[in-house]
Amino acid sequence: MAGGHGPTVRRRRLAGELRRLRERAALTIEEAAERVGWSTAKVSRIETARVGITSPDLTRLLDLYELDAGKRTALHALARTARTRGWWDAYADSLPSDYATYIQLEAEAAFIRGFDSMLVHGLLQSEDYAREVIRSALMALSPPAEVERRIEVRLTRQNLLLREENPLRFWTVIDEAVLTRRVGSAETMHSQYAKLIEFADRDNVTIQILPFNAGPHPATAGTFAIMEFREPYDPDVVYVESMTSSLYVEKDTEMYWYTLAFDHLRAAALGPNESKALISEMAEKSS
C-alpha cells in the first residue's frame with residue numbers, strides 16, 4: 001500500500017473483520033457487491049481499508065453476512081472509534097496527511113523497531129535537534145509558527161515512551177553516521193546525546209549503534225520502522241518515508257525481508273551498553 005493516506009489501525013481491523021465475514025458467507029467480492037447494490041470497487045476499497053465505512057453501509061453488509069446482534073454492536077463500536085479524533089487533529093492544519101496517518105499508527109503500536117540511517121528518530125529527538133531538523137525539512141518555506149507547531153507535535157509523540165502504563169516498546173539501530181552528522185550547534189548535539197542516554201536508561205527503549213566498521217548491511221536503502229500492534233489480528237506494518245511520500249508495507253513476503261534485515265542489523269550493531277558508552281564518549285567530546 002503506497003501513498004500518503006494509509007489507514008488507521010482500527011480501520012484496518014474493521015476491514016479485516018468484514019473480509020473474514022464475507023469469506024465465511026462464501027461470497028466473492030463481486031457477489032457481495034451485487035447483493036447490496038454497490039460497485040465491486042467500493043467493497044474492495046472497504047476491505048482493503050482504503051476508505052472508511054458509514055454506519056448505514058456497515059449495517060447493510062452485516063445484514064448480508066447475517067451477523068448476530070452482539071457482534072454487530074462490537075463492529076459498529078469499532079467503526080465509530082475508527083473515526084475518533086486524536087490529539088494530533090488539533091494540528092491538522094499544519095500536518096501533511098501522510099504524517100498524520102503515521103502518528104495514528106504510532107499511537108496504536110505496542111512495539112516499534114527499525115533502523116535510522118540519517119537522523120535520530122523523532123521519538124528520541126531533543127527539542128533543539130528537532131527544531132533544526134524541521135527547519136531544514138521545510139526549507140525555510142514555512143513561517144516560524146508552523147515550525148514551532150511541528151516541534152510541539154514531535155515532543156508530544158514522545159509521551160508514548162514516557163507514560164507509566166503500557167509504554168511503547170521501542171528498539172532502534174542507529175547508524176554511527178547519525179551521531180557524527182552535525183545538526184545545529186555543538187550545544188544542540190550535546191543535548192541530543194544526553195537525550196539519547198536518558199532514553200537508553202528506560203526499560204522500554206533499546207538503542208544500538210551500527211558502527212562504521214560493520215561494513216555493508218541489508219538496509220543500505222535507508223530508514224524503516226516495523227510496527228507491531230496490541231491486538232493479535234492487527235497485522236504488522238512497515239513504514240518507509242521518502243522526501244515526498246510514504247510507503248506502508250503489509251505483504252507477508254515483504255514484511256519478512258524487513259524483519260530479517262532488522263535482525264541482521266541488531267546482530268551487527270554494538271550492544272546496548274557499548275552503544276551507550278559510545279554516545280557518552282561523543283557527548284564528552286562535544287562539551
Side-chain angles (χ1 to χ4, degrees), residues 87-88 91 93-96 98-100 102-103 106 112 114-162 168 170-202 205-214 219-225 239-246 265 269-270 272 274-287:
W87 62 263
W88 49 85
Y91 301 89
D93 59 338
S94 60
L95 292 182
D98 57 345
Y99 186 30
Y102 174 80
I103 292 174
E106 184 182 73
I112 297 177
F115 176 58
D116 291 300
S117 63
M118 298 298 293
L119 296 166
V120 172
H121 194 284
L123 288 175
L124 305 179
Q125 290 179 7
S126 68
E127 181 174 345
D128 289 341
Y129 186 98
R131 181 172 287 104
E132 294 294 337
V133 169
I134 291 169
R135 281 175 177 167
S136 178
L138 296 177
M139 295 184 285
L141 299 177
S142 299
E146 182 173 346
V147 172
E148 294 305 312
R149 284 171 65 80
R150 294 284 187 97
I151 294 168
E152 286 180 26
V153 169
R154 189 153 302 184
L155 297 180
T156 302
R157 287 168 51 203
Q158 295 179 4
N159 290 331
L160 295 171
L161 299 175
L162 303 174
L168 172 68
F170 185 74
W171 189 343
T172 178
V173 176
I174 303 175
D175 196 299
E176 187 176 351
V178 173
L179 299 183
T180 59
R181 176 172 293 107
R182 179 74 169 264
V183 175
S185 65
E187 290 77 14
T188 296
M189 292 302 298
H190 184 78
S191 66
Q192 181 58 69
Y193 295 139
K195 191 76 169 180
L196 286 172
I197 294 169
E198 177 186 331
F199 274 115
D201 285 334
R202 296 188 61 84
V205 177
T206 301
I207 298 174
Q208 291 183 258
I209 305 303
L210 184 70
F212 290 127
N213 62 16
T220 52
T223 295
F224 65 88
Y239 174 78
V240 183
E241 184 179 16
S242 69
M243 181 180 292
T244 57
S245 64
S246 302
L265 288 165
L270 301 176
E274 294 174 288
S275 297
K276 184 178 175 182
L278 176 60
I279 297 169
S280 298
E281 180 183 330
M282 299 191 75
E284 290 178 8
K285 290 180 180 178
S286 67
S287 59

Subject >> Rounded distance (nearest 0.5 Å) linking atom CD1 of I134 with atom CZ of R149 >> reply: 12.5 Å
Original post:
Who passes ring-ring contact (aromatic ring centres under 6.0 Å, His included) against Y102, sequence neighbours left out?
Top reply: Y239
Original post:
Can you find a heavy atom in the side chain of M189 that is under 4.5 Å from one in the side chain of M282?
Top reply: no
Subject >> Side-chain (S136) to main-chain (V133) donor-acceptor, under 3.5 angstrom >> reply: no
Original post:
Just by modelled atom types, is the L270 backbone N or O under 3.5 Å from a matching donor or acceptor in the Q208 side chain?
Top reply: yes
Original post:
K195 and Q125: which non-hydrogen atoms are nearest, and at how many Å?
Top reply: CE-O, 4.0 Å
Original post:
Any side-chain heavy atom of L160 sitting closer than 4.5 Å to one from E106?
Top reply: yes
**OP:** Please report the closest heavy-atom contact between F224 and A219, naming both atoms and the distance.
**Re:** CE2-CB, 3.8 Å
Original post:
Any side-chain heavy-atom pair from I207 and K276 closer than 4.5 angstrom?
Top reply: no
**OP:** Answer with yes or no whether the side chains of S185 and T188 bring together a donor and an acceptor at under 3.5 Å.
**Re:** yes
**OP:** Indicate whether any N or O donor in one side chain lies under 3.5 Å from an N or O acceptor in the other, for T172 and D116.
**Re:** yes
**OP:** Would you check if the side chain of R181 reaches a backbone N or O of M118 as a donor-acceptor pair within less than 3.5 Å?
**Re:** yes
**OP:** Measure the shortest side-chain to side-chain distance between Q192 and V183 over non-hydrogen atoms and say whether it is less than 4.5 angstrom.
**Re:** no
**OP:** Compare every heavy atom of F199 with every heavy atom of V205, then report the nearest pair and how far apart it is.
**Re:** CB-O, 3.3 Å
Original post:
Given side chains that start at C-beta, do those of E284 and Y193 come closer than 4.5 Å, heavy atoms only?
Top reply: no
Subject >> Results of ring-ring contact (aromatic ring centres under 6.0 Å, His included) for H190 - residues two or more places apart only >> reply: none
**OP:** To the nearest 0.5 angstrom, please state how far the CG atom of L155 sits from the CG atom of L123.
**Re:** 10.5 Å
Original post:
Can you find a heavy atom in the side chain of D175 that is under 4.5 Å from one in the side chain of F212?
Top reply: yes
Original post:
Can you check whether G122's main-chain N or O pairs, donor with acceptor, with Q158's side chain at less than 3.5 Å?
Top reply: yes
Subject >> Straight-line distance of S126 OG to E187 CD, nearest 0.5 Å >> reply: 12.0 Å
**OP:** Could you grab the distance from atom CZ of R150 to atom CG of L138, nearest 0.5 Å is fine?
**Re:** 5.0 Å
Original post:
Between V178 and L119, what is the shortest heavy-atom contact and its length?
Top reply: CG1-C, 3.5 Å
Subject >> Approximate separation, where rounding is to 0.5 Å, of L168 CG and L162 CG >> reply: 10.5 Å
Original post:
So, for A269 and P211, which heavy atoms are closest and what is the spacing to 0.1 Å?
Top reply: CA-CD, 4.1 Å
Subject >> Exercise: identify the closest heavy-atom pair between I209 and S275 >> reply: N-OG, 2.8 Å
Subject >> Distance, nearest 0.5 Å, that separates CD of E176 from CG of N213 >> reply: 7.5 Å
Subject >> Under 3.5 Å donor-acceptor, R157 side chain and N159 backbone >> reply: no
**OP:** Could you give me the CA-CA distance, side-chain angles and deciding distance for R131 and E148, then say whether salt bridge (Lys or Arg N to Asp or Glu O under 4.0 Å) is met?
**Re:** CA-CA 8 Å; R131 181 172 287 104; E148 294 305 312; 3.1 Å; yes
